[in-house]
Amino acid sequence: MDWGAIIQNSFRGFIGEPFIYFSLAAMGLNMHYGYTGLLNFGQAVFMAAGAYGLSMAVVTLGLNFWWGLLLGIVIFPLLLALIMGVPTLRLRADYLAIVTIAASEMFRIIARSPSLDRWTGSSDGLTAFANRFYDFNPFDKQKRYFFGLFIGNQMWVVLVGWIVLSIVVLIVWMTMRSPWGRVLRAIREDEDAARSLGKNAYWFKMQSLMIGGMFGALGGMFRAIGTQSAQPQNFITDVTFFAWVALILGGAAKVGGPIAGAAILYGILNFTDVLLRQLVENGYMPEAIMDGTQVGQVRFMMIGLGLILLAIYRPQGIFGTKEEMALDDR
Amino acid sequence: MTAEPSTAQELFDGVPYEPGAAKNDPILVADNVRRAFGGLVAVDVEHLEVQRGAITALIGPNGAGKTTFFNLLTNFDEPDTGDRLFEGNDLSGVSAYKVANLGMVRTFQLTKSLSKMTVIDNMRLGGTEQAGESFFRALMPFLWRRQEAEITERADALLERFKLSHMRNEFAGTLSGGQRKLLEMARALMVRPNMVMLDEPMAGVNPALKQSLLDHVKGLRDEGMTVLFVEHDMDMVQEISDWVVVMAEGKIIAEGPPESIASNQAVVDAYLGSHHGSALELEAD
């Protein structure tokens with residue numbers, strides 16, 4: 001058993017690239033669901049907006065990298081929020097849920113359509129659009145950094161990711177202590193009450209959808225930059241639910257909840273992955289129970305089991321407060 | 001009946017006791033307001049004026065359309081036809097939140113205290129024109145800190161008045177039913193309304209708190225606010241209202257001071273059915 005590899009991989013999951021993508025996506029969901037009560041089951045489409053905003057700007061339209069950032073972080077998510085929000089935010093929460101889940105599937109299916117090959121690169125997606133990003137890389141590509149966890153390019157992605165994530169955390173923390181955040185929480189509790197006190201609930205929900213969507217787009221963009229590719233397959237429905245798992249695990253309506261959730265989720269995924277693989281390789285795991293090809297599935301079963309236990313024994317998430325949850329029952 | 005003399009009675013000098021009567025100084029006027037749900041006409045009010053500075057009660061038997069009419073007056077529902085004027089502003093097509101900003105604030109039959117927010121945050125929410133309610137300014141606390149302090153000060157004063165100060169930092173969800181009613185009323189006052197609309201303020205309130213709630217409602221009038229409330233509790237209607245409007249089957253069937261209502265034949269018919277006067281013939285064995 002190579003315990004060094006197990007610890008190293010778990011730690012990498014804790015702070016590495018997937019942690020960053022899903023933290024950002026879950027921060028967005030926290031804005032939507034945790035603070036405003038919006039049910040967004042299509043965070044993947046906001047993530048795709050970030051990835052395709054950048055890659056289409058650079059590859060398809062031939063614009064420079066900076067325009068790509070503007071398109072991916074601001075313009076695409078804003079348009080998406082408007083398209084999905086205008087018809088649904090005046091209605092009950094379920095309608096947004098339906099529209100978001102449909103939109104994320106529609107986008108993925110349209111993006112991989114061969115007839116749009118010229119625009120989206122169909123199922124192969126678009127590649128090599130982030131060279132400009134790596135031009136700024138101060139790290140040596142050949143060397144390993146941070147306890148040997150990341151090679152130069154990865155280190156650069158992860159470092160910028162941490163910085164962006166910190167800024168997002170700061171934004172959420174500050175706005176949620178402000179009157180703006182107070183209105184969002186009031187809308188989550190009771191939209192009509194907020195309206196009766198003169199708050200334009202519709203517009204506040206729209207802002208929440210836009211801003212949470214932008215956080216999601218940042219997550220998707222990092223995923224695209226980290227792999228230098230934007231593919232439809234990277235934005236399947238599972239991606240949305242991974243972000244939800246991170247949010248529920250950490251605790252909704254807590255600033256740090258999504259981050260803790262994403263870190264724990266990927267820490268455990270990596271830990272169990274390497275652990276199970278090593279157990280199989282070293283013959284500790286009887287073939288009758290599982291073989292090496294089943295590791296991927298088994299670790300998700302374990303995560304599922306963990307979530308069930310969490311839902312039973314700690315429904316408020318790791319960082320949530322039980323007293324707050326209990327108020328619903330009254 | 002221990003009706004105290006109302007202090008706003010003189011506002012109604014010369015107003016006839018009849019449905020749709022013109023008031024001396026109406027703050028809210030409804031004209032031909034009609035709302036149907038499918039084939040059921042819930043509200044069909046020809047004309048109603050609400051006197052400024054008085055407490056008006058809206059009563060009627062169950063299913064009379066009181067709450068629907070109330071929702072139409074506060075724009076939480078749109079009428080099929082008809083106009084509503086509040087302080088001369090036509091409310092047609094105006095969003096509910098804008099009505100609040102015009103100075104008409106409502107409460108709800110099922111109290112809407114925001115349970116996962118503290119009592120003080122519930123109160124602060126009511127402050128109008130808050131600079132910190134813009135996303136970008138929210139990121140710059142120095143732009144709204146002073147206003148926030150002012151709002152908090154006002155909120156604390158209101159909590160003191162409504163005897164909720166000791167609950168200031170508790171979640172609103174931990175309050176009792178009656179306390180929630182008080183909180184909702186106090187929160188409505190944070191908007192600095194000219195007119196307060198109360199939807200069944202006494203529903204679910206224990207008798208001990210009732211008197212204090214009544215006093216608070218009277219207090220609103222004494223501060224110059226107009227109050228319109230929907231209520232089932234006839235004691236409350238008799239005790240604090242200056243004027244009573246009676247609805248039945250979606251229409252206004254009577255108006256007048258509380259004393260005149262109990263003896264009004266149309267009202268008695270609406271509540272008890274029109275045949276109650278005919279002698280019951282019991283056959284004695």
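The sequence lines fix the lettering, A, B, ..., with proteins before strands; numbering per chain opens at 1.
- Taking B:Glu184, B:Glu148, B:Arg106 one by one and counting their heavy-atom pairs under 4.5 Å with chain A, the maximum is reached by B:Glu148.
- For a residue to count as touching a neighbouring chain, one of its non-hydrogen atoms must lie under 4.5 Å from one of that chain's; by this rule B:Arg187 touches chain A with backbone and side chain alike.
- More than 12 non-hydrogen atoms from other residues, nucleotides or ligands lie less than 6.0 angstrom from CD of B:Glu223.
- When the shell of 6.0 Å around CZ of B:Arg145 is examined, it contains 12 or fewer heavy atoms from other residues, nucleotides or ligands.
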- Query: side-chain contact (heavy atoms from CB on, under 4.5 Å) between B:Lys116 and A:Arg188: does it pass, once the steps are laid out?
  - Reply: CA-CA 9 Å; B:Lys116 287 185 199 170; A:Arg188 176 192 70 191; 3.8 Å; yes
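- No more than 12 heavy atoms of other residues, nucleotides or ligands lie within 6.0 Å of OH in A:Tyr33, so this atom counts as exposed by the packing criterion.
- In terms of non-hydrogen atom pairs under 4.5 Å with chain A, the most contact-rich of B:Lys98, B:Gln130, B:Arg124 is B:Arg124.
- Most heavy-atom pairs under 4.5 Å with chain A, from the set B:Leu139, B:Val99, B:Thr107, B:Thr128: that is B:Leu139.
- B:Asp121 CG to A:Arg185 CZ: the interatomic distance, rounded to the nearest 0.5 Å, is 5.0 Å.
- When heavy atoms are compared at a cutoff of 4.5 Å, B:Phe135 approaches chain A by way of both its backbone and its side chain.
- Within residues 191-215 of chain A, the residues approaching chain B closer than 4.5 Å by heavy atoms are, in numerical order, A:Asp192, A:Ala193, A:Arg195, A:Ser196, A:Leu197, A:Gly198, A:Lys199, A:Asn200, A:Phe204, A:Gln207, A:Ile211.
- With a threshold of 4.5 angstrom between heavy atoms, B:Thr74 does not approach chain A through any atom at all.
- Crowding of B:Glu160 atom CD: a count of heavy atoms from other residues, nucleotides or ligands under 6.0 Å not exceeding 12.
- The 12-atom threshold is not exceeded at CH2 of A:Trp173, counting heavy atoms of other residues, nucleotides or ligands nearer than 6.0 Å.
- The choice from B:Ala96, B:Ser95, B:Ala100, B:Gly132 that makes the most heavy-atom pairs within less than 4.5 Å of chain A is B:Gly132.
- For residues 175-184 of chain A, the interface with chain B (any heavy-atom pair closer than 4.5 Å) comprises A:Thr175, A:Arg177, A:Ser178, A:Pro179, A:Trp180, A:Arg182, A:Val183, sorted by residue number.
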